[in-house]
Amino acid sequence: MATTSYSGIGRYNYKLLPLSLSSITRWPCHSSPSKALVPARPRVVKLNFVFDGRKGVLRLGRDCGLPRRRVITAVARVEPEQLGEENANQEVNKGDKLSENEDSLPELQQKASQLRKRIVFGLGIGISVGGVVLAGGWVFTAFLAAAVFVGAREYFDLVRSRGITAGMTPPPRYVSRVCSIICAVMPIITLYFGQIDVSVTFAAFVVAMALLLQRGNPRFAQLSSTMFGLFYCGYLPSFWVKLRCGLAAPALNTRIGASWPILLGGQAHWTIGLVACLISISSIIAADTYAFLGGKTFGRTPLTSISPKKTWEGTITGLGGCVATSIILSKIFCWPTSLISAIAFGVLNFFGSIFGDLTESMIKRDAGVKDSGSLIPGHGGILDRVDSYIFTGALAYSFVKIFLPLYGV
């Protein structure tokens, strides 16, 4: 005589599929039906069993502990002789596709979250840097000194990382800390004295003596990595102070300066240094942006093994965007006055940007890390954001100070 038993109560919409007794007993929810109902549109979260003699149904809800993709795949595999080989393969493929879609969803959400962080913090950094550059003086110098200190700490952390130390001996930790402080002081000395050559030479001598007189066996790798750190993280960024604050001649042809409020410095506030800084920074941003978009759209040919994601197509696009930005801003600020000078300034900014980026990529590759730090959410460390500017300040200052007066263009 047929017996009927019920387990749980709930409502669901189902799709009927045959299921054998031997296969269903291998599932985590033990029961013995011969047919199974797979939910088409879930509305409740309970698992209900209904048995009626040899005929039975299996009601699946979210609380069963079985993901939907496993249920679909398992049901499709239990009775190929009943479902047919073709139908079974179709159901298995459906389960695999559902698995891939569900696995890719968290990855897409994570990428979207990272993109939002990059945009928000990128805009915040851009607005802050723009205000600091306009302010100039001690505000600009103090901001640069803080960035240099953090960047120097990141550099020496990279030098001490496993990837680099596997082939060399890093400098002692106390030397790294002292060098980070020296690098942060260099922009301040540049603002106060107007030049930094003597100070850098003295600092390099002191650091070299400290390394040579240390206990143990001094290594040339320690000396070379430390000297490069002073040059890369301290000396080169100080040229931005010389560019922004040292070139104090007013840009008389700039129409923006003529309407600039007197309380904010009037026309005298718009100096050659300020205009050169704005054009240089804007050109670098344009170069990075156009290079990224061009590489994503047209990128086929790798540029170098140092940074595999960079392509020749993206590089050429970045160069065009950088030069175009330099020309447009030169018309707005009426400096430089000739088209040749604007093009040359844009090309110089681009090459300083790309080689600064590749230099930092080489350091990170040897260190075996993706980012130099994690200070800026979605962007990495300070060096990841300013690598394109490290060499550019010295090149832009040399262009304004030497090239323009020499050729008069």
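Excluded from the calculations below are hydrogen atoms, water molecules and symmetry mates; all remaining heavy atoms, backbone and side chain alike, are included.
- Side-chain atoms of R244 and T271, non-hydrogen and from C-beta on, do get closer than 4.5 Å to each other.
- Minimum heavy-atom separation, A221 to S224: O-OG, 3.1 Å.
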Exercise for review: Check the pair T325 / C322 against side-chain contact (heavy atoms from CB on, under 4.5 Å), numbers first and verdict last.
Suggested key: CA-CA 5 Å; T325 302; C322 184; 5.9 Å; no
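- No more than 12 heavy-atom neighbours from other residues, nucleotides or ligands sit within 6.0 angstrom of CZ on F205.
- Summarising the geometry of R160 relative to S176, their closest heavy-atom pair is CD-OG, 4.4 Å, with the distance given to 0.1 Å.
- For the atom pair D371 CG and E360 CD, the distance stands at 8.5 Å (nearest 0.5 Å).
- Rounded to the nearest 0.5 Å, atoms CG (L134) and CG (L278) are 6.0 Å apart.
- Inter-residue side-chain proximity for V175 and L211 is flagged as met; some heavy-atom pair is nearer than 4.5 Å.
- Between the side chain of E154 and the backbone N or O of G373, no donor-acceptor pair lies under 3.5 Å.
- Judged as a salt bridge (charged side-chain N to carboxylate O under 4.0 Å, His left out), the pairs with a partner in residues 304-321 (not counting sequence neighbours) are, in order, K310-D357.
- Using modelled atom types, one finds a donor on one side chain and an acceptor on the other under 3.5 Å when comparing S338 with S341.
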Practice item. Check the pair T359 / D387 against side-chain contact (heavy atoms from CB on, under 4.5 Å), numbers first and verdict last. Key: CA-CA 8 Å; T359 300; D387 53 1; over 6 Å; no
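- A tilted orientation is assigned to the rings of Y232 and Y155, their planes being inclined by 30° to 60°.
- By the 4.5 Å heavy-atom criterion applied to side chains, I256 and I332 are counted as neighbours.
- A donor-acceptor contact shorter than 3.5 Å links the side chain of S161 to the backbone of L158.
- Counting all heavy atoms, side chain and backbone alike, I306 lies closest to R365 at CA-NH1, 3.8 Å.
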Exercise for review: Would you please test M186 and L230 for side-chain contact (heavy atoms from CB on, under 4.5 Å) and show each step?
Suggested key: CA-CA 9 Å; M186 286 184 185; L230 290 175; 4.3 Å; yes
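- Applying the 6.0 Å contact sphere to OH of Y290 captures no more than 12 heavy atoms from other residues, nucleotides or ligands.
- L303 CG to I316 CD1: the interatomic distance, rounded to the nearest 0.5 Å, is 9.5 Å.
- With rounding to the nearest 0.5 Å, the separation of OG in S388 from CD1 in I354 is 7.5 Å.
- The local environment of CZ in R219 is sparse, with at most 12 non-hydrogen atoms from other residues, nucleotides or ligands closer than 6.0 Å.
- With contacts defined as side-chain heavy-atom distances shorter than 4.5 Å, the pair I279/S282 does not qualify.
- The number of heavy atoms from other shown groups lying within 6.0 Å of CG (L212) is above 12.
- For V347, the side chain to side chain contact (heavy atoms under 4.5 Å, CB included) criterion is met by L319, V323, I343, F351, not counting sequence neighbours.
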Point to revise | Chi angles and distances behind the side-chain contact (heavy atoms from CB on, under 4.5 Å) call for T311, R300 | key: CA-CA 6 Å; T311 62; R300 295 293 183 273; over 6 Å; no
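- The minimum heavy-atom distance linking A342 with S326 is given by the pair O-OG, 2.8 Å.
- Within the 4.5 Å cutoff, the side chain of T392 has no heavy atoms near those of the F239 side chain.
- Distance alone, capped at 3.5 Å, is enough to place a donor-acceptor pair between the S225 side chain and the Q222 backbone.
- Nearest heavy-atom pair, P187 versus V148, reported as atom, atom and distance to 0.1 Å: CG-CG2, 4.3 Å.
- D384 and S372 form a side-chain donor-acceptor contact under 3.5 Å, judged by distance and modelled atom types alone.
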Exercise for review: Begin with the C-alpha distance, continue with both residues' side-chain angles, and end with the deciding distance and a verdict on side chain to side chain donor-acceptor pair (under 3.5 Å) for S280 and N349.
Suggested key: CA-CA 6 Å; S280 183; N349 283 320; 2.9 Å; yes
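- With contacts defined as side-chain heavy-atom distances shorter than 4.5 Å, the pair F333/W270 qualifies.
- Once rounded to the nearest 0.5 Å, the distance linking CH2 of W138 with SG of C245 reads 9.5 Å.
- Under the 3.5 Å distance criterion, the side-chain polar atoms of W240 are matched with a main-chain donor or acceptor of Y389.
- Annotation: side chain of W335 is in contact with side chain of V400 (closest heavy-atom distance under 4.5 Å).
- From C277, atom SG reaches atom CG of L243 across 4.0 Å, with rounding to the nearest 0.5 Å.
- Counted within 6.0 Å of CH2 on W312, heavy atoms from surrounding residues, nucleotides or ligands total 12 or fewer; the atom is thus considered open.
- In this structure the side chain of F292 never reaches within 4.5 angstrom of the side chain of D288, judged on heavy atoms.
- Ring pair F391/F355: centre-to-centre distance not below 6.0 Å.
- Residue F228 places its CZ atom among more than 12 non-hydrogen atoms of other residues, nucleotides or ligands, all under 6.0 Å distant.
- The minimum heavy-atom distance linking G318 with F350 is given by the pair C-CE1, 3.6 Å.
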